[in-house]
Amino acid sequence: MTVKTLCVIATLASLLAFAKPAQGQTVRVFAGTDNSGVSSYMEVFEYDCVPEKPCFPGGESKLMEFINQNRHYPTEAYEKGIQGRVTCWFIVNTDGSVSNVSLLRSVNELLNEEAIRIFNSMPDWEPGRINGVPVPVRVVRSVRFRK
């Protein structure tokens, strides 16, 4: 190896030694309004940007099982042949609780309400973590309704 190559390798090694771990991408979400009408927001991490992702108890297959067991197809929507996939986002907080369930992709008001009800009734998740520290994470999931 040349002296120049060794200098480049040494420089890169020293930079890596002092580099901070990568931080996840965050987004600011509406957290509510207080009694005086002042809106508050919270900063949460995006699901794909967290090294240790939040996990439903038992994993993805148990999440699908939970959704399927708790989904109640609204009678009126079923009779009218309304179907589709309702997509929501929610926050898995540092304690694993689920909050701020919001609609991302709408199908019909009846189906939207049912999807939101399902996500609001979920048990606590294992929280997402960065460097072993629990962080709030925004998660996107869907509920499918089909006849």
Side-chain angles (χ1 to χ4, degrees), residues 8-147:
V8 170
I9 292 171
T11 303
L12 288 174
S14 65
L15 289 174
L16 290 174
F18 294 108
K20 292 182 178 179
Q23 298 295 313
Q25 180 178 342
T26 60
V27 64
R28 199 175 131 173
V29 297
F30 179 71
T33 306
D34 66 15
N35 292 337
S36 62
V38 176
S39 296
S40 63
Y41 297 85
M42 64 187 289
E43 193 168 343
V44 299
F45 290 86
E46 290 289 0
Y47 182 84
D48 289 336
C49 297
V50 178
E52 295 177 55
K53 298 178 182 354
C55 183
F56 185 83
E60 285 294 314
S61 63
K62 289 293 184 182
L63 173 60
M64 294 311 301
E65 187 178 308
F66 176 85
I67 290 171
N68 290 333
Q69 289 177 348
N70 289 280
R71 178 181 46 222
H72 303 294
Y73 208 128
T75 305
E76 183 181 342
Y78 185 84
E79 289 172 351
K80 291 181 177 180
I82 300 169
Q83 55 186 4
R85 184 183 3 220
V86 178
T87 304
C88 294
W89 66 264
F90 52 88
I91 305 300
V92 175
N93 297 297
T94 57
D95 64 357
S97 63
V98 173
S99 66
N100 298 69
V101 178
S102 300
L103 202 58
L104 189 61
R105 181 176 176 268
S106 172
V107 173
N108 169 275
E109 190 61 35
L110 295 168
L111 301 184
N112 299 345
E113 289 173 9
E114 178 59 10
I116 290 170
R117 184 196 67 77
I118 291 168
F119 291 125
N120 275 319
S121 69
M122 287 191 296
D124 289 353
W125 289 45
E126 179 64 34
R129 296 176 189 276
I130 295 179
N131 296 327
V133 178
V135 294
V137 179
R138 182 168 74 161
V139 177
V140 176
R141 292 291 185 269
S142 298
V143 177
R144 178 171 275 172
F145 296 89
R146 57 181 171 204
K147 285 182 87 171

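All residue numbers refer to positions in the sequence shown, counting from 1. These values consider heavy atoms only, across backbone and side chains, with no hydrogens, waters or symmetry-generated copies.
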K.L.:
Where is the tightest heavy-atom contact between S142 and I67, given as atom of each residue plus distance?
P.N.:
O-CD1, 4.0 Å
K.L.:
Taking E114 for the side chain and Y73 for the main chain, is one N or O donor matched with an acceptor at less than 3.5 Å?
P.N.:
no
K.L.:
Whether the side chain of Q83 engages the backbone of K147 through a donor-acceptor N/O pair (distance < 3.5 Å, no angle test) should be reported.
P.N.:
yes
K.L.:
Say whether, by atom type as modelled, one donor and one acceptor occur between the side chain of S97 and the main chain of D95 under 3.5 angstrom.
P.N.:
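Side chain of S97 to backbone of D95, a donor-acceptor pair under 3.5 Å: no, none is there.
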K.L.:
Is it true that, when you exclude Y47 itself, more than 12 heavy atoms of the residues, nucleotides or ligands shown sit nearer than 6.0 Å to its OH?
P.N.:
yes
K.L.:
Which distance, rounded to the nearest 0.5 Å, do you find between the CD of Q69 and the CD1 of I118?
P.N.:
11.5 Å
K.L.:
Taking the inter-plane angle between the rings of F66 and F56 on a 0 to 90° scale, is it parallel (under 30°), tilted (30 to 60°) or perpendicular (over 60°)?
P.N.:
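Geometry flag for F56 against F66: tilted rings.
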K.L.:
Considering all heavy atoms of both residues, which atom of N93 and which atom of V98 are nearest to each other, and what is their separation?
P.N.:
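Closest heavy-atom pair between N93 and V98: ND2-C, 4.2 Å.
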K.L.:
Check the pair C88, L103 against side chain to side chain contact (heavy atoms under 4.5 Å, CB included), reporting the backbone distance first and the verdict last.
P.N.:
CA-CA 4 Å; C88 294; L103 202 58; 4.0 Å; yes
K.L.:
Under a 4.5 Å cut-off applied to non-hydrogen side-chain atoms, are N112 and E109 in contact?
P.N.:
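Yes, their side chains come closer than 4.5 Å.
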K.L.:
Please report the shortest heavy-atom distance between R129 and P51, naming the atom on each side.
P.N.:
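Nearest heavy atoms, R129 then P51: O-CD, 3.8 Å.
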K.L.:
Step by step, would you call F145 with V86 a side chain to side chain contact (heavy atoms under 4.5 Å, CB included)?
P.N.:
CA-CA 8 Å; F145 296 89; V86 178; 4.0 Å; yes
K.L.:
Let me confirm one number: the CH2-CD distance from W89 to E46, rounded to the nearest 0.5 Å.
P.N.:
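If we round to the nearest 0.5 Å, W89:CH2 and E46:CD are 9.5 Å apart.
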K.L.:
Quick one: does N108's side chain have a donor or acceptor within less than 3.5 Å of a partner on L110's backbone?
P.N.:
yes
K.L.:
Can you confirm whether V143 sits close enough to F119 that some side-chain heavy atom of one is under 4.5 Å from a side-chain heavy atom of the other?
P.N.:
yes
K.L.:
Minimum heavy-atom separation for R138 to V44, with atom names?
P.N.:
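So the minimum-distance heavy-atom pair works out to CB-CG2, 4.0 Å.
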K.L.:
Of the non-hydrogen atoms in R117 and N70, which two are nearest, and what is the gap between them?
P.N.:
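Closest pair (atom of R117, atom of N70, distance): NH2-O, 2.5 Å.
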K.L.:
Would you check if the side chain of R105 reaches a backbone N or O of R85 as a donor-acceptor pair within less than 3.5 Å?
P.N.:
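Between the backbone of R85 and the side chain of R105 there is a qualifying donor-acceptor contact (under 3.5 Å).
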K.L.:
Does the side chain to side chain contact (heavy atoms under 4.5 Å, CB included) test come out yes or no for I116 and E113, once each step is laid out?
P.N.:
CA-CA 5 Å; I116 290 170; E113 289 173 9; 5.8 Å; no
K.L.:
Considering non-hydrogen atoms only, spot the tightest contact between E52 and G132 and give its length.
P.N.:
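Taking E52 first and G132 second, the nearest heavy atoms are OE2-N, 3.8 Å.
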K.L.:
Can you find a pair of side-chain heavy atoms, one from M64 and one from R144, that are under 4.5 Å apart?
P.N.:
no
K.L.:
Just by distance, do the side chain of D34 and the backbone of G37 share a donor-acceptor pair under 3.5 Å?
P.N.:
yes
